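Quantities reported herein were computed from a predicted structural model and do not represent experimental measurements.
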Amino acid sequence: QRYAKKALPRAYKGNDRILLSDCEHLVGLSYFRQSDYAQALEHVKKALELDREMDDKGRVSSSLNTLAGISLVAKDLKHAEIYVKEALAFSTDMHDSVRIAIQYGMASEIYYAMGKYHLALDYSQRAYTLDYELNNMPKVGIRLSQMASAQKALGQDKAAEESLKRAMPILAKA
């Protein structure tokens, strides 16, 4: 955090928008790791503004996903949902399966926290399908675990147990 904070004013003196956005993002993530969500949101929102100014859809999508994650942990589920939906729109527009899978996983976590277990299951299944197609096996294990949580919350105990049985060896190997 100390180095990112030192780099930030220097980045503002330069003309490199990507560097500036990266610095804001890093400072935001460091505050997030210290559980200072207000500061984290402030810096990542600045990164998002810069990404929008550059009209870089990939960076915008990434910053929105980070904002969704911070909002989720901060229990601001309304904004978390808004951010992840917008992130998904950008990723879908770019046909970026890797980002879409990540954001489906984030949406699953958000909907689970909201108590919307059917949506949590739907998004975890979508993420699972994409990660499986991408052969991203560590993420497949995580998606199966997300599915199991939603299935358990929905009273689908047998399905939850099966999902966990499939997830355990994948996660152990990862």
Side-chain angles (χ1 to χ4, degrees), residues 1-114 120 123-124 126-143 145-146 170-171 174:
Q1 184 179 34
R2 189 173 76 214
Y3 291 114
K5 281 182 171 179
K6 283 184 176 187
L8 200 52
R10 288 170 175 82
Y12 272 100
K13 288 180 183 176
N15 202 19
D16 187 340
R17 293 276 202 215
I18 292 174
L19 176 64
L20 185 53
S21 173
D22 287 346
C23 285
E24 287 287 6
H25 209 113
L26 282 171
V27 171
L29 288 174
S30 67
Y31 277 117
F32 174 67
R33 289 186 179 109
Q34 295 175 0
S35 301
D36 186 341
Y37 306 130
Q39 286 291 318
L41 287 167
E42 179 182 325
H43 286 280
V44 178
K45 283 179 182 179
K46 287 178 184 176
L48 175 61
E49 284 178 39
L50 292 160
D51 299 337
R52 287 190 195 277
E53 287 173 13
M54 291 183 286
D55 197 29
D56 186 323
K57 291 179 181 179
R59 294 179 70 87
V60 168
S61 176
S62 180
S63 290
L64 286 164
N65 195 64
T66 300
L67 288 168
I70 295 167
S71 297
L72 170 63
V73 174
K75 306 286 188 236
D76 182 359
L77 302 177
K78 178 184 168 196
H79 282 103
E81 180 183 25
I82 291 167
Y83 291 134
V84 80
K85 282 183 173 182
E86 189 177 357
L88 270 165
F90 277 97
S91 296
T92 301
D93 188 49
M94 296 181 328
H95 307 286
D96 187 336
S97 298
V98 173
R99 281 185 208 268
I100 293 169
I102 291 167
Q103 291 158 356
Y104 280 164
M106 178 67 72
S108 176
E109 294 292 329
I110 291 165
Y111 287 121
Y112 185 86
M114 294 173 106
Y123 277 98
S124 62
R126 292 183 198 191
Y128 167 85
T129 299
L130 283 176
D131 282 323
Y132 189 83
E133 289 170 359
L134 293 165
N135 199 32
N136 188 348
M137 295 315 288
K139 291 287 187 181
V140 167
I142 291 168
R143 303 309 175 214
S145 298
Q146 288 176 313
I170 294 169
L171 293 171

Side chains of Asp51 and Ser63: is there a donor and an acceptor less than 3.5 Å apart?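 Judged by distance alone, the side chains do pair up.
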
So, Tyr123 and Gln146: side-chain donor and acceptor under 3.5 Å apart, yes or no?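 Distance-only check fails for Tyr123 and Gln146.
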
Approximate separation, where rounding is to 0.5 Å, of Asp96 CG and Leu88 CG: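 Atom-to-atom, Asp96:CG and Leu88:CG are 11.0 Å apart.
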
Rounded to the nearest 0.5 Å, what separation is found between the OG atom of Ser124 and the OH atom of Tyr112?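 The OH atom of Tyr112 is 11.0 Å from OG of Ser124, to the nearest 0.5 Å.
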
List in chain and number order the residues that pass salt bridge (charged side-chain N to carboxylate O under 4.0 Å, His left out) with Lys6, two or more places apart in sequence or in another chain; answer none if no residue qualifies.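 So Lys6 forms no salt bridge (charged side-chain N to carboxylate O under 4.0 Å, His left out) with any residue.
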
Tyr3 atom OH: more than 12 heavy-atom contacts under 6.0 Å: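 No, because the 6.0 Å sphere around OH of Tyr3 holds 12 heavy atoms or fewer from other groups.
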
With respect to Leu8, which candidate in Leu26, Leu20, Leu19 satisfies the side chain to side chain contact (heavy atoms under 4.5 Å, CB included) definition?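 Exactly one pass, corresponding to Leu20.
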
Intermediate values then yes/no, side-chain contact (heavy atoms from CB on, under 4.5 Å), Ser61 and Glu86: CA-CA 8 Å; Ser61 176; Glu86 189 177 357; over 6 Å; no

Where does the angle between the aromatic ring planes of Phe32 and Tyr37 fall among parallel (under 30°), tilted (30 to 60°) and perpendicular (over 60°)?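 Taking Tyr37 first and then Phe32, their aromatic rings sit tilted (interplane angle of 30° to 60°).
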
Using distance only, find each side-chain donor-acceptor pair of residues 40-50 under 3.5 Å and give its atom names and separation, not counting sequence neighbours.
unit_1, atom_1, unit_2, atom_2, d
His43, ND1, Glu24, OE1, 2.6

Just list the side-chain donor-acceptor pairs under 3.5 Å for residues 71-79, sequence neighbours left out, or say none.
unit_1, atom_1, unit_2, atom_2, d
Ser71, OG, Leu67, O, 2.9
Asp76, OD1, His79, N, 3.4
Asp76, OD1, His79, ND1, 3.1
Asp76, OD2, His79, ND1, 2.8

Tell me, do Val84 and Leu64 make a side-chain contact under 4.5 Å, heavy atoms counted?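 No; the side chains remain at least 4.5 Å from each other.
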
Whether Arg10 and Asp16 form a salt bridge (side-chain N of Lys/Arg under 4.0 Å from carboxylate O of Asp/Glu) is what I want to check.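 No, this pair does not count.
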
With Asp131 as reference, evaluate Arg126, Arg143, Lys139 under the salt bridge (Lys or Arg N to Asp or Glu O under 4.0 Å) test and give the passing residue.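 That would be Arg143; it is the only one of Arg126, Arg143, Lys139 passing the salt bridge (Lys or Arg N to Asp or Glu O under 4.0 Å) with Asp131.
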
